[in-house]
Amino acid sequence: MFVVMARNATEAEVLGVKSQILAEGMTPFEHQGAERVVIAVVGEVGPRKADLSGRLAALAGVEQVTPISRPFKLTSREFHPEDTVIRVLDAVIGDGSLTMMAGPCSVESRDQLFETADAVAAAGATIIRGGAFKPRTSPYSFQGLGVEALRYLAEARERTGLPVITEVMEPNQVDIVAEYADILQIGARNMQNYSLLNAAGRVARPVMVKRGFGATIEELLMAAEYIVAAGNPNVMLCERGIRTFETYTRNTMDLAAVPVLHSLTHLPVIVDPSHATGKRWLVRPLALGGVAVGADGIMVEVHPDPDSALSDPEQQLDIAEFAALMRDLLPVHEHVRGLHDGAAPVVADVGAAAGGLSRH
């Protein structure tokens with residue numbers, strides 16, 4: 001349930017409500033909206049629901065207590081009507097601009113990463129992606145360079161001025177990845193790794209959660225809920241295709257998920273056509289489609305020589321193809337930007353360079 005405070009509610013009255021929620025064994029989460037404070041009551045209410053609702057409604061400064069119809073609370077627009085906007089270095093995600101995440105599937109060498117990072121930055125990318133730890137279906141495939149790749153990514157950030165995003169696969173990797181990277185990625189295979197989600201929720205880094213192969217939209221939002229409930233509000237969602245009966249593409253790109261997510265949640269939504277299709281020539285049309293339906297950003301894989309890539313060569317763009325994609329995407333984004341309504345954003349400023357953020 002949500003406790004909606006009156007417009008003129010005092011700080012003492014807000015604290016009184018939060019104290020009562022804590023006394024009931026629940027956890028209060030406060031959201032300062034444009035006009036009033038809303039407090040989410042998180043926990044197992046059970047048969048006490050009506051009684052607890054009545055007691056909270058009787059407290060000073062409370063305008064009303066409203067039930068929530070969805071299992072995800074903190075990530076819902078019912079609790080947080082305004083769009084969340086995330087700032088990291090000079091990149092802004094969710095403010096109506098187009099976020100472009102680009103870079104190699106795997107960091108293979110320092111030279112390979114730097115060549116790619118320089119090129120995508122020059123073409124207009126706003127965030128550099130690169131895999132350090134790679135979850136692979138085959139145990140014999142390239143698994144990534146690990147910490148060595150993280151160091152290269154940190155150097156690429158200093159070289160280009162762009163923040164970097166990379167995947168974290170296990171809870172015990174969270175701190176080391178957060179030391180080098182600006183944004184943590186939770187991959188599709190780990191979307192319901194709840195230990196990892198909780199660990200990511202305890203660090204001061206934005207987190208992008210990718211939708212699992214067979215996950216529903218609600219399950220994706222519940223995964224994000226774990227991170228927000230653990231203390232990290234700076235979460236974005238990624239639609240990267242779901243597994244269906246179709247085999248011609250690697251996955252089926254669910255573009256309808258983008259406007260559905262925007263209607264349900266305040267979190268930014270990114271589209272990844274590289275992993276969705278698994279085919280280089282399909283990245284462009286699906287990226288255009290993602291922008292057209294209102295995605296806040298696009299993530300694509302780029303490699304100086306895709307055919308020689310150590311992982312996923314068939315889906316990576318070369319540098320010239322990425323530059324052409326940027327030229328195509330920007331006018332489409334400008335054309336459709338005004339067609340997608342949105343509330344005034346609330347900016348979550350998560351600080352500057354890696355290592356300079358305070359912990360929650």
Side-chain angles (χ1 to χ4, degrees), residues 77 81-103 116-129 160-165 182-183 206 208 234-241 253-277 280-302 315-350:
R77 281 205 183 272
E82 308 91 350
D83 290 342
T84 288
V85 176
I86 301 171
R87 294 186 185 275
V88 54
L89 298 184
D90 292 330
V92 186
I93 306 155
D95 69 335
S97 61
L98 181 62
T99 296
M100 285 299 300
M101 303 179 180
T116 310
D118 289 347
V120 298
T126 56
I127 296 172
I128 296 170
R129 65 141 291 142
T160 63
L162 301 183
V164 298
I165 179 172
D182 303 290
I183 306 171
M208 185 176 78
N234 303 307
V235 180
M236 62 197 88
L237 307 169
C238 182
E239 168 55 46
R240 43 85 66 219
M253 191 71 176
D254 185 7
L255 288 180
V258 176
V260 170
L261 285 167
H262 277 145
S263 72
L264 294 173
T265 183
H266 51 90
L267 302 177
V269 181
I270 309 298
V271 165
D272 178 353
S274 297
H275 282 93
T277 65
R280 191 177 309 155
W281 66 275
L282 285 173
V283 170
R284 177 183 175 277
L286 269 296
L288 291 168
V291 170
V293 296
D296 297 286
I298 305 295
M299 170 180 267
V300 295
E301 294 186 346
V302 182
Q315 69 191 36
Q316 298 196 64
L317 304 178
D318 64 27
I319 288 169
E321 288 169 332
F322 177 73
L325 175 64
M326 288 298 300
R327 290 193 295 269
D328 292 340
L329 283 178
L330 292 175
V332 174
H333 175 255
E334 287 301 313
H335 180 70
V336 302
R337 182 172 180 175
L339 304 179
H340 300 285
D341 295 329
V346 173
V347 176
D349 193 341
V350 297

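D318 places none of its side-chain heavy atoms less than 4.5 Å from the side chain of R280. Under the 4.5 Å side-chain criterion, counting only non-hydrogen atoms from C-beta, M236 is in contact with I183. Side chains of P273 and V300 form a contact here, defined as non-hydrogen atoms less than 4.5 Å apart. Counting only heavy atoms from C-beta outward, the side chains of E321 and L325 never approach each other to under 4.5 Å. Counting heavy atoms from C-beta outward, H266 and V85 have side chains that stay 4.5 Å or more apart. Residues D95 and R87 fail the side-chain proximity criterion, which asks for heavy atoms closer than 4.5 Å.
Here the shortest heavy-atom pairing between S263 and V260 reads OG-O, 2.6 Å. M253 and E239 make their closest contact through CE-O, 3.7 Å (heavy atoms, listed as atom of the first residue, atom of the second, distance). Closest non-hydrogen pair, R77 versus P81, comes out as NH1-O, 2.7 Å. For the residue pair P268 and V235, the shortest heavy atom distance occurs at CD-O, 3.4 Å. Minimum interatomic distance between V283 and Q315 (heavy atoms only, all atoms of both residues): CG2-O, 3.9 Å.
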Side chains of residues 286-293: which donor-acceptor pairs under 3.5 Å do they make with residues two or more places apart or in other chains?
none

List the atom pairs, donor and acceptor, that lie under 3.5 Å between side-chain atoms in residues 118-126 and the rest of the protein, sequence neighbours left out.
residue	atom	partner	partner atom	Å
D118	OD1	R159	NE	2.9
D118	OD2	R159	NE	3.0
D118	OD2	R159	NH2	2.9
T126	OG1	M100	N	2.9
T126	OG1	M100	O	3.3

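Residues passing the side-chain hydrogen bond (donor to acceptor under 3.5 Å, both in side chains) test with D254, sequence neighbours excluded: R211.
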Check: Would I86 and T84 satisfy side chain to side chain contact (heavy atoms under 4.5 Å, CB included), going step by step from the backbone distance to the final call?
Finding: CA-CA 7 Å; I86 301 171; T84 288; 4.1 Å; yes
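Checked options D182, V164, I127; the residue passing with L89 is D182 (criterion: side chain to side chain contact (heavy atoms under 4.5 Å, CB included)).
We find the CE-OG distance between M299 and S274 to be 9.0 Å, quoted to the nearest 0.5 Å. In this structure, the separation between OG1 on T99 and CD1 on I93 is 5.0 Å, given to the nearest 0.5 Å. Atom CG in D296 sits 9.5 Å away from atom CG in L237 (nearest 0.5 Å). One distance of note links CG of L98 with CG of L329; it measures 6.5 Å at 0.5 Å rounding. For the atom pair CZ of R129 and CG of L162, the computed distance is 14.5 Å after rounding to the nearest 0.5 Å. From L267, atom CG reaches atom NE2 of H262 across 9.5 Å, with rounding to the nearest 0.5 Å.
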